[in-house]
Student: 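Structure in structure tokens, see below.
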Amino acid sequence: MNQEHTGNDVLLEVHNISLSFGGVTAIEDVSFDIRTGEIRAIIGPNGAGKSSMLNVINGFYHPQQGSITYKGETRPQMKPHHAASHGIARTFQNIALFKGMSTLDNIMTGRNTVMTKNIIWQALYFGPALKEEREHREFVEHIIDFLEIQAIRKTPVGRLPYGMQKRVELGRALAAEPDLLLLDEPMAGMNVEEKEDMCRFVLDVNEEFGTTIALIEHDMGVVMDISDRVVVLDYGKKIADGTPDEVRANQDVVDAYLGVSHG
Amino acid sequence: MGSELMFFFETVISGVMAGVMYALVALGFVLIFKASGIFNFAQGVMCLFAALALYDFMAPGGWIDRLFGITLPVWLAIVATIGVMIVVAWLIERLVLQHLVQQDPIILFMATLGLAYVLEGLGDILFGSDVKPLDLGIPQGASDWALDTLGLYVEKLEVVAAITGAVLVTVLAIFFQRTRIGRALRAVADDHQAALSVGISLRTIWVIVWSVSGIVALVAGIMWGSKSGVQFSLSLIALKALPVLILGGFTSVPGAIVGGLIIGVGEKLAEVYFGPYVGGAIENWFAYMLALAFLLFRPQGLFGERIIERV
Ligand SMILES: Nc1ncnc2c1ncn2[C@@H]1O[C@H](COP(=O)(O)OP(=O)(O)OP(=O)(O)O)[C@@H](O)[C@H]1O
Ligand SMILES: [Mg+2]
């Protein structure tokens, strides 16, 4: 549905990625690309290797084989710090917020890569650091308005209900003004209303800011609704890749979801 | 005021002074433990090392004198020592921590044990092992003001120490609450993975916390050194910090402060009021008894996060 602003230039491409943990193979020879401006869904049954793939993209996991091309540069693996400072932000399947910190502070940490004042300078002299702090605070307030979480600005996030925490985590990722946003099951465990809100936010981010999004989601309705293209993993292998309609019609995908035994 | 009461107050005040120092050492522990989960056994030796360096920079025949033929004034010597502690922090990250990132806490603890010996040896080689009187011009003797107006005997040094401690803690609090690095430190303490995902560099953060701990150690070293001279037994105050941590909780900055004060004041009062009945020397074991009681009844300490397994 967002086809109109999906360009053809590729923002990120993974080539023949294989990843294993000891004896367990999490990803086996998977390749796909993510185009600038699109919403790219990654789906598949439990344990298919979806989260592992996101972890490979932002450098938490280092694949044994394959390479990653991001913004035209090819590497055998990413590093978390490099990924973050080059515009890749993410959320986690099991919310990873800074539980003791307020909503505002959590989202402020997302500005980390954009706040550039030298660290030593900051330690020696509070003045410029405090001024920079105010400027970024303004940006963060915009995000808070956008996500409609004004009421919980000062609340320690550990006390927030699950759905709200997911929203704050999205806010923290958005604060980095990412080029590529990785969302690991942003709607899992939410009720219908919360899901609708989250869908709206994801679409708005994509349309208004032009942010490219890679999304893992189990709710097929949501996936088919909001994504431009879908890649399907099963037992670590890619079994389908295409538009929602193409994927829906693919027999391997239907089998994987119905649990037909693997030959 | 009755002289009984007066004596009580004097005891409490001298306890506060000792407490501030325990608290400062404990604070150094807490900072490192929060940010990296490492129990830094070398914290006490860092106090010693900082005090040794500071003394050396001001002393005739010290390194600066031998190399440049001058001795530094107090404030420059303090700046130079802070520089030394930052270099030490950087070296520790480079040579030790970086290579042990994914290891168990016990391995990291062992590494800091080794570090303590290395630093102590280095201090001995570089600065010599004799007791050095540290004189920074902090006023000595009793405060006339307190004696005249309140009739209390209070050491000036104790007042300076308490004020310095309070200022240091306030500055640290602002640093932690109001700046990007402070927030990054708290973020790392909270969740390593999430911190990495927003581009916080763990290595930079570690150098910073070890540097801050080094500076806190310097302040503690200055106070202890001004009181009883810079000597190698200084590294043993780390042992007193342990009960403070058990009381305050390993991850709580306010806990380190309150814990330090409770132990400082508690052991002085116990010594004065119960000492005579049990033959004295309560000060030597009071802190550990209190810690033991806490371990039995409230293992997470006064302020530590409750130890609950989430399911
Ligand atoms: N850090 C790890 N150590 C060991 N094994 C891992 C690790 N991370 C993932 N795995 C394994 O890799 C496989 C793929 O896991 P992954 O989390 O990527 O699946 P997923 O598609 O995200 O599943 P889900 O839908 O349940 O989130 C699983 O067998 C999992 O046990
Ligand atoms: Mg997953």
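Side-chain atoms are counted along with the backbone in the values below, which use heavy atoms only and exclude waters and symmetry mates. In the text below, chain A, chain B and the rest are named by the order of the sequence lines, each starting its count at 1.
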Student: Are there residues of residues 159-183 of chain A whose heavy atoms fall under 4.5 Å of chain B's heavy atoms? If so, which?
Tutor: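 The stretch touches chain B at A:R172.
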Student: Is it true that atom CD of A:E138 has more than 12 heavy atoms of other residues, nucleotides or ligands lying nearer than 6.0 Å?
Tutor: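 Result for CD/A:E138: open.
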Student: Is it the side chain or the backbone of A:N58 that comes within 4.5 Å of chain B heavy atoms, both, or neither?
Tutor: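 Side chain of A:N58 only, per the 4.5 Å heavy-atom cut-off to chain B.
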Student: Answer yes or no: is there a donor N or O on one side and an acceptor on the other, between the side chain of A:N112 and the main chain of B:A184, under 3.5 Å?
Tutor: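 Checking the backbone N and O of B:A184 against the side chain of A:N112, no donor-acceptor pair under 3.5 Å is found.
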Student: Is A:K71 atom NZ crowded by more than 12 heavy atoms from other residues, nucleotides or ligands, each under 6.0 Å away?
Tutor: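 Yes, because the 6.0 Å sphere around NZ of A:K71 holds more than 12 heavy atoms from other groups.
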Student: So which part of A:T109 gets closer than 4.5 Å to some heavy atom of chain B, the side chain, the backbone, both or neither?
Tutor: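 Its backbone and side chain both get close to chain B.
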Student: In terms of heavy-atom pairs under 4.5 Å, which option from A:F98, A:F92, A:F60 contacts chain B the most?
Tutor: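 Of A:F98, A:F92, A:F60, A:F98 has the most heavy-atom pairs under 4.5 Å with chain B.
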Student: As an exercise, state the distance from CZ of B:R180 to CZ of A:R111, rounded to the nearest 0.5 Å.
Tutor: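 So the gap between those two atoms works out to 11.5 Å.
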Student: Test side-chain contact (heavy atoms from CB on, under 4.5 Å) on A:H81 and B:L196 and set out the steps.
Tutor: CA-CA 6 Å; A:H81 186 259; B:L196 282 171; 5.9 Å; no
Student: Looking only at heavy atoms, what is the nearest atom pair of B:V198 and A:G110, with distance?
Tutor: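 For B:V198 versus A:G110, the nearest heavy atoms are CG1-CA, 4.1 Å.
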Student: Mind checking whether B:R186 and A:D105 have side chains closer than 4.5 Å, heavy atoms only?
Tutor: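 Yes. Closest side-chain heavy atoms under 4.5 Å.
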Student: What part of B:A195 lies closer than 4.5 angstrom to a heavy atom of chain A: side chain, backbone, both or neither?
Tutor: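 Both parts, backbone and side chain.
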Student: In Å and rounded to the nearest 0.5 Å, what is the CG to CZ distance from A:L104 to B:R183?
Tutor: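 So the CG of A:L104 and the CZ of B:R183 are separated by 8.0 Å.
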Student: For B:F297, is the CZ atom crowded, meaning more than 12 foreign heavy atoms sit under 6.0 Å from it?
Tutor: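 12 or below, so no.
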Student: Which pair of heavy atoms, one from A:A96 and one from B:A194, lies closest together, and at what distance?
Tutor: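 Minimum heavy-atom contact is O-CB, 3.1 Å.
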Student: Looking only at heavy atoms, which two atoms of B:S197 and A:A84 are closest? And how far apart?
Tutor: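 Residues B:S197 and A:A84, closest heavy atoms: O-CB, 3.7 Å.
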